[in-house]
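Notes follow once the structure below has been shown.
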Amino acid sequence: MLRTHTCGELRTEHIGQHVTLSGWVNRRRDMGGVIFIDLRDRYGKTQIVVDTGESAESAAIAEQIRPEYVVQVTGTVSARLPGQENPNMDTGDIELKVNDLTILNASKTPPMLIDRDGGEDETLRLKYRYLDLRKERMQRNLRIRHKAIKYIRDYLDNNEFLEVETPILFKSTPEGARDYLVPSRVHPGKFYALPQSPQQLKQLLMVGGYDRYFQIARCFRDEDQRADRQPEFTQLDVEMSFVERDDILDLIEDLVRGMVNATSTVPLAYEQFPRISYTEAVEKYGSDRPDLRYDLPLVDVSDIAGQSAFGVFANNVAAGNPVKALVVPGCGDYSRKQISELEELAKVNGAKGLAWLAIDPENEQIKGFIAKFFTVQQLIALTERLNAGPGDLILFSSDTRLVVRAVLGALRDEMATRLGYKDTNTLAFAWVIDFPLFEEEKEGDHYAPSHHMFTSPMPGDIPLLKTDPHAVKAAQYDLICNGYEVGGGSIRIHNRQLQRQIMELIGFSLAEAETQFGHMLEAFEYGAPPHGGIALGIDRLMALMAGEPNIREVMAFPKNQNATDVMADAPSAVVQRQLDDLHIALAGKALERVKSS
RNA sequence: GGGGACGUGGUGCAGCGGUUAGCACGCCGGCCUGUCAAGCCGGAGGUCGCGGGUUCAAAUCCCGUCGUUCCCGCCA
């Protein structure tokens with residue numbers, strides 16, 4: 001071993017011991033007669049002291065040392081001089097007096113400072129990721145990730161789950177996200193697909209009798225990036241047999257609660273996760289993954305506003321559409337410019353305009369271009385319903401139900417940001433349940449599944465499939481946190497008759513089903529147990545738990561927004577021979593680019 | 001595919017029509033025996049992303065383009 005201790009380990013009880021440390025030079029402070037070196041590894045920092053009067057040899061080496069040199073130091077652990085202790089360092093009561101100093105490896109001047117979080121350009125961080133990884137921030141984040149995943153494995157192992165690996169090279173299905181494809185050398189013109197999730201495979205494991213399965217599974221989706229989306233990401237994939245919905249929710253909630261309490265830097269807002277229906281989520285918060293760190297509810301005022309002389313409201317209510325409102329505390333003094341920013345946001349989300357009222361903080365007069373269309377009694381009824389007071393701003397939306405949701409949901413989110421309601425030091429988890437089995441709007445003349453084809457209806461709703469499919473609730477659930485979807489799953493259909501019924505409703509022919517899911521349908525004929533499961537987005541969970549705004553910060557080697565690895569320069573061109581092996585000829589843009597390079 | 005923001009020594013930024021493009025950190029050299037973002041003195045380092053245009057004059061204004069990022073579309 002090139003060390004006897006780590007750089008975060010030595011304390012006063014080690015004083016007098018002869019030890020060897022190895023690590024990176026964080027900083028060197030040359031006082032002339034004495035040189036201090038902060039030696040760093042991922043466990044901490046220790047101050048090294050070189051006294052030029054005591055060892056000319058070590059002093060000469062210390063003179064050459066620069067930041068990020070890798071050095072080995074042997075010396076005696078000593079108490080710091082009285083008054084020279086550093087309370088900001090874990091090892092601040094001691095220092096290592098050097099007997100022997102060796103440079104294990106030199107370093108070029110790094111393009112960024114390691115001991116300061118510099119806000120460097122993202123390209124720089126990603127190009128020199130191995131240097132970025134030396135920073136405290138990334139080391140802390142990857143440590144949280146490791147601890148959390150270890151917690152998950154231990155928890156599920158204690159509950160009789162088996163971790164099973166499933167193929168990375170699998171089969172493309174046209175549904176869902178765009179697949180990453182891998183050409184086959186052995187089968188010209190055919191392709192594997194990288195899994196978007198192990199969904200089918202875990203259901204087949206249930207048929208195989210592995211009644212409690214999990215996997216820390218890498219997944220791939222070839223879609224455009226976001227702060228919470230990378231081309232490859234990690235799911236905790238879970239599937240169980242002989243369970244009902246609440247068995248899964250209870251288990252996963254206990255797992256997540258324990259994991260957060262044990263490993264997260266950001267604490268839970270509350271221990272018990274609320275279970276809210278999809279209908280409540282979209283009607284009250286305008287989103288199927290509402291941010292529950294704050295309330296700011298959408299309130300239906302159709303009955304009052306429909307009576308007003310404002311044509312838009314009256315006509316919409318007469319047509320059966322809602323008028324809903326959002327009260328924004330303290331924003332009654334918004335300027336014309338600020339209001340028009342909000343109107344722009346409303347329009348982006350489908351609104352034709354933005355109606356608003358503001359209550360004067362002094363004289364309680366109600367301003368806003370629609371005020372004149374309301375009687376005094378109507379205004380009183382409105383403010384009472386909304387619990388709106390002096391200084392408040394009231395934002396309205398009236399349109400189809402879907403547009404009202406989208407508009408006020410977006411405004412709720414925006415106003416929470418502006419009002420500083422998004423506490424970054426709390427995690428507000430919740431379950432969203434009772435999703436409709438089918439989307440509200442049909443695709444052509446067919447129903448569209450809101451999750452996927454294998455999602456089971458709630459058992460009591462099965463008769464409704466024949467009479468009112470839109471009223472059928474699914475045994476589907478999402479785990480949400482701070483406005484993010486961090487997980488989702490369902491109880492699956494294991495009954496062939498029911499599966500066929502659903503396929504007919506969504507316009508999926510037997511022939512189509514056969515080519516895409518033949519292996520699934522056949523498997524289900526050999527004694528598929530009742531089963532269901534969930535998948536949690538590990539990267540999103542880790543980002544939330546580390547208080548990070550982007551999942552790049554919890555991945556060791558992420559890609560940038562263009563799905564490029566700027567460190568390794570991937571994807572990259574390959575030699576013609578490789579293409580020939582794969583029976584691939586470049587065409588179009590790809591061919592032009594190769595010719596011009 | 002679309003919209004917003006950003007692009008200036010190694011790094012982070014200021015300058016936003018008119019001197020030799022400025023500041024901090026870093027880097028190089030010197031001084032210094034108790035520092036810990038050490039201090040002091042001196043120094044090097046820039047095609048202002050790239051291309052075109054407007055102007056007597058462009059880092060600065062306009063157009064295009066490339067890169068980064070956030071968002072919309074997309075993500076069963």
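First the proteins, then the strands, lettered A, B, ... as listed; each starts at 1. The structure displayed is predicted, hence computed values, not measured ones.
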Would you check if there is a donor-acceptor pair between the side chains of [Y] and [X] at a distance under 3.5 Å?
{"X": "A:E95", "Y": "A:T46", "result": "no"}
{"X": "A:Y213", "Y": "A:D237", "result": "yes"}
{"X": "A:R125", "Y": "A:T123", "result": "no"}
{"X": "A:T91", "Y": "A:K45", "result": "no"}
{"X": "A:E548", "Y": "A:N141", "result": "yes"}

Just checking [X]: base, sugar-phosphate only, or nothing, at a heavy-atom cut-off of under 4.0 Å?
{"X": "A:M89", "result": "base"}
{"X": "A:L113", "result": "sugar-phosphate"}
{"X": "A:I35", "result": "nothing"}
{"X": "A:E95", "result": "base"}
{"X": "A:M31", "result": "base"}
{"X": "A:R552", "result": "sugar-phosphate"}
{"X": "A:N562", "result": "sugar-phosphate"}
{"X": "A:P110", "result": "nothing"}

Integer angstrom distance from the [atom1] of [N] to that of [M]:
{"N": "B:C28", "M": "B:G1", "atom1": "P", "value": "45 Å"}
{"N": "B:G18", "M": "B:U60", "atom1": "P", "value": "11 Å"}
{"N": "B:G34", "M": "B:G39", "atom1": "C1'", "value": "13 Å"}

Of all the nucleotides listed ([options]), which has the minimum atom distance to the side chain of [X]?
{"X": "A:N560", "options": "B:C36, B:U68, B:G34", "answer": "B:U68"}
{"X": "A:D121", "options": "B:C27, B:U68, B:C36", "answer": "B:U68"}
{"X": "A:D51", "options": "B:U33, B:G34, B:C32", "answer": "B:U33"}
{"X": "A:F36", "options": "B:C36, B:U69, B:G34", "answer": "B:G34"}

Test of ring centre spacing under 6.0 Å for A:H494 and A:F454: no

Is [N] paired to anything, Watson-Crick or G-U wobble with both distances less than 3.5 Å, and if yes, which nucleotide?
{"N": "B:C40", "answer": "B:G30"}
{"N": "B:G12", "answer": "B:C23"}
{"N": "B:G67", "answer": "B:C6"}
{"N": "B:C61", "answer": "B:G53"}
{"N": "B:U47", "answer": "none"}

Would you tell me if any nitrogen or oxygen in the side chain of [X] comes within less than 4.0 Å of OP1 or OP2 on [N]?
{"X": "A:R29", "N": "B:A38", "result": "yes"}
{"X": "A:Q84", "N": "B:C36", "result": "no"}
{"X": "A:N86", "N": "B:C36", "result": "no"}
{"X": "A:N88", "N": "B:C36", "result": "no"}
{"X": "A:R116", "N": "B:U11", "result": "no"}
{"X": "A:N550", "N": "B:C70", "result": "yes"}
{"X": "A:R226", "N": "B:C72", "result": "yes"}
{"X": "A:R27", "N": "B:A38", "result": "yes"}

How close or far is atom [atom2] of [N] from atom [atom1] of [X], stated in whole angstroms?
{"X": "A:Y128", "N": "B:U11", "atom1": "OH", "atom2": "P", "answer": "9 Å"}
{"X": "A:E223", "N": "B:C74", "atom1": "CD", "atom2": "C1'", "answer": "5 Å"}
{"X": "A:E120", "N": "B:G7", "atom1": "CD", "atom2": "P", "answer": "17 Å"}

CD (A:E522) with more than 12 external heavy atoms under 6.0 Å: no

A:F170, CZ: over 12 other non-hydrogen atoms inside 6.0 angstrom: yes

Measure distances between side-chain N and O atoms of [X] and base N and O atoms of [N], and say whether any donor-acceptor pair falls under 3.5 Å.
{"X": "A:D224", "N": "B:G73", "result": "yes"}
{"X": "A:R221", "N": "B:C75", "result": "no"}
{"X": "A:R66", "N": "B:C28", "result": "no"}
{"X": "A:K97", "N": "B:G34", "result": "yes"}

Nearest-nucleotide comparison on RNA chain B, the residue closer to the 5′ end among A:T52 and A:T109: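 Upstream on the strand: A:T109.
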
